[in-house]
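Taking it in order: structure first as structure tokens, then the write-up.
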Amino acid sequence: MLATRPSADARAMLALRRSVGKQFLTEPGPSPSDLDELLTIAARVPDHRKLTPWRFIVFEGDARVEFGKAIAKIHGSNLPDAESQDVLHAAGLPLRAPVMVAVISSPDHTHKTPVWEQELSAGAVCHNLLLAANASGWAGVWLTEWLAFDKQVDAVLGLTEGERVAGYIYLGTATMASLERPRADMSEKVTRWTAPA
Ligand SMILES: Cc1cc2nc3c(=O)[nH]c(=O)nc-3n(C[C@H](O)[C@H](O)[C@H](O)COP(=O)(O)O)c2cc1C
């Protein structure tokens with residue numbers, strides 16, 4: 001199979017790809033076997049020296065409820081003055097979609113491949129997972145929020161030293177079509193290099 005096989009459908013999908021708003025995801029979501037397939041595709045990313053410097057933590061069903069309880073407790077301890085509704089809100093974060101996947105950046109800090117390159121590969125995994133989901137009819141969004149930057153949450157996730165959350169990918173069915181948003185002015189973003197005179 002040629003990796004460069006032209007596909008008008010794939011091109012059209014990429015040209016219009018969008019995330020879904022985090023409040024617009026609902027059931028159904030990918031089944032465990034659907035998800036296995038999506039993760040296998042997501043893992044097909046550029047990866048300098050083949051280090052696979054990332055891994056996945058899947059949250060399905062009641063695991064989302066339990067994770068919500070754990071992060072609500074952390075949120076409450078981080079903000080002792082937090083209103084109870086804020087803590088409840090935290091508990092609901094993982095329940096915003098039928099399936100949530102934490103993509104963990106897991107770089108080898110001793111390897112000659114720079115950590116930056118390994119982290120970029122983890123970012124590519126996040127986006128590839130979204131694209132795989134979209135191509136399979138699922139909607140999704142890549143969020144980090146405070147959950148990706150909290151040492152206590154890292155501990156609940158079982159991250160080792162040097163690992164980080166690259167993103168939480170929420171997957172499910174969109175309750176409404178995403179509206180278009182302004183895109184970059186490509187004339188400001190693209191230059192063509194010419195040799196200095
Ligand atoms: C690393 C990363 C973290 C993000 N974290 C958040 C977030 O915490 N909250 C949020 O509303 N959007 C977040 N976004 C943005 C959304 O994923 C999405 O890209 C944005 O809403 C624009 O929609 P689009 O992907 O359709 O262009 C994040 C994006 C990236 C790349």
Side-chain angles (χ1 to χ4, degrees), residues 10-26 29-30 35 38-39 41-47 53-59 64 67-68 70-72 74-75 78-79 82 86-87 89-107 114-154 156-157 159 162-186 188-190:
R11 198 169 177 280
M13 193 198 84
L14 290 170
L16 289 176
R17 76 116 237 128
R18 273 238 55 187
S19 305
V20 68
K22 57 192 166 211
Q23 63 277 47
F24 301 121
L25 275 168
T26 189
L35 189 63
L38 297 181
L39 297 179
I41 298 172
R44 259 185 112 90
V45 286
D47 173 6
W54 24 259
R55 61 190 181 93
F56 302 101
I57 304 175
V58 174
F59 296 83
R64 297 168 308 144
F67 186 57
I71 60 176
I74 292 167
H75 192 58
N78 285 347
L79 303 168
D86 294 330
V87 175
H89 178 259
L93 294 179
L95 300 173
R96 290 174 293 179
V99 174
M100 185 181 87
V101 179
V103 177
I104 308 303
S105 163
S106 194
V115 167
W116 167 234
E117 293 188 3
Q118 299 181 55
E119 290 174 335
L120 288 172
S121 184
V125 167
C126 293
H127 194 224
N128 225 25
L129 177 53
L130 285 174
L131 293 179
N134 291 165
S136 308
W138 305 109
V141 63
W142 175 355
L143 303 178
T144 44
E145 302 170 313
W146 64 272
L147 305 186
F149 302 96
D150 187 291
K151 285 286 165 208
Q152 292 184 82
V153 176
D154 288 355
V156 169
L157 292 170
L159 302 199
E163 286 190 320
R164 297 186 65 169
V165 176
Y168 294 93
I169 311 297
Y170 291 75
L171 299 172
T173 300
T175 57
M176 64 172 277
S178 298
L179 302 175
E180 192 42 302
R181 71 172 178 88
R183 294 288 162 181
D185 177 347
M186 299 309 290
E188 287 176 5
K189 291 292 177 187
V190 181

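Counting convention: from 1, in listed order, for ligands and their atoms alike.
Under the 4.0 Å distance rule, the nearest protein heavy atom to atom 20 (C) of ligand 1 falls outside the cut-off. Within a 4.0 Å radius of atom 24 (P) of ligand 1, the protein contributes at least one heavy atom.
The shortest distance between side-chain heavy atoms of Phe24 and Val141 does not fall below 4.5 Å. Within the 4.5 Å cutoff, the side chain of Ile104 has no heavy atoms near those of the Trp54 side chain. Side-chain contact between Asn78 and Asp150 is present, with heavy atoms from C-beta onward closer than 4.5 Å.
Every atom of ligand 1 with a heavy atom of Arg17 under 4.0 Å away is listed here by number and element: 24 (P), 25 (O), 26 (O), 27 (O). Residue contact check: Glu145 has heavy atoms under 4.0 Å from atoms 8 (O) of ligand 1. Residue Arg183 has at least one heavy-atom neighbour below 4.0 Å for each of these atoms of ligand 1: 24 (P), 26 (O), 27 (O).
In the displayed structure, Arg183 atom CZ is contacted under 6.0 Å by more than 12 heavy atoms of other residues, nucleotides or ligands. Heavy-atom contacts from other residues, nucleotides or ligands closer than 6.0 Å to CZ of Arg44 number 12 or fewer. Counted within 6.0 Å of CZ on Arg164, heavy atoms from surrounding residues, nucleotides or ligands total 12 or fewer; the atom is thus considered open.
Residue contacts with ligand 1 include Lys22, since one or more of its heavy atoms lies under 4.0 Å from the ligand.
When only non-hydrogen protein atoms are considered, atom 22 (C) of ligand 1 lies nearest to Arg181 NE, 3.4 Å. The nearest protein atom to atom 18 (C) of ligand 1, hydrogens excluded, is given as Ser19 OG, 3.6 Å; this is a heavy-atom distance. Here the protein heavy atom with the shortest distance to atom 3 (C) of ligand 1 is Thr144 OG1, 3.5 Å. Protein heavy atom at the shortest distance from atom 28 (C) of ligand 1 is Trp142 O, 3.3 Å. Ranking protein heavy atoms by distance to atom 12 (N) of ligand 1, first place goes to Leu143 CD2, 3.6 Å.
Across every non-hydrogen atom of Pro107 and Gln118, the tightest pair is CA-OE1, 3.1 Å. Residue Ser19 comes nearest to Ser178 through the heavy atom pair O-OG, 2.8 Å, listed as atom of the first residue, atom of the second, then distance.
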